[in-house]
Amino acid sequence: MPLQFARYAAVGLVATAMHYAVLAGLVESGTATPLPATLAGYVAGGLVSYALNRRLTFAGGRPHREAAWRFALVAAGGFAWTGLLMALLVGRLGTPYLPAQAATTLVVLAWGFLANRLWSFAGPLS
């Protein structure tokens, strides 16, 4: 499991880079406020995350037709956590959006790894 988590975290860095690029690009250009920008970034990062995790982290698990919808449900949960935590940290507590996103990322990373390992990509039960 440690090697698998290391792969998951490495994929997470790539997906997070995409997420943060979209987030910062939308906020700094004045196109969106932090909450909708982070949710747009989450979706972009999620697409990268699925493709790379399927190939590098959880290869040999469920077939794509099963893993994709399960991953989407886990991602929807992460999307909800991201929205909730960012609304609390930025909207209620006034935390700057990048540190708030960093804290949110750590929570969603741990939750997502466990959910994806145990459910999304886990091989079917015999």
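Taking 4.5 Å as the limit, every side-chain heavy atom of P34 sits out of range of all side-chain heavy atoms of T38. Inter-residue side-chain proximity for T104 and Q101 is flagged as met; some heavy-atom pair is nearer than 4.5 Å.
When hydrophobic side chains of Ile, Leu, Val, Met, Phe, Trp and Tyr are connected at separations under 4.5 Å, V22 ends up clustered with V11, V14, M18, L26, V48, L52, L56. With a 4.5 Å cut-off between side-chain heavy atoms of Ile, Leu, Val, Met, Phe, Trp and Tyr, the cluster of M86 takes in Y20, L23, V27, L35, L39, Y42, V43, W69, L73, V74, F79, W81, L84, L85, V90, Y97, L98, V107, V108, W111, W119.
Atom CZ of F58 is separated from atom CZ of F71 by 9.0 Å, given to the nearest 0.5 angstrom. Of the inter-residue distances, the one linking S120 atom OG with Y50 atom OH reads 9.0 Å to the nearest 0.5 angstrom.
Taking every heavy atom of both residues into account, A15 and G45 meet most closely at CB-O, 3.3 Å. Across all non-hydrogen atoms, the minimal contact from T57 to Q4 is O-NE2, 3.4 Å.
Checked by atom type, the side-chain pair H19/T105 shows no donor-acceptor distance below 3.5 Å.
A donor-acceptor contact shorter than 3.5 Å links the side chain of S29 to the backbone of G25.
Taking the six-membered ring wherever Trp is involved, the centroid distance between the rings of F121 and H64 does not fall below 6.0 Å.
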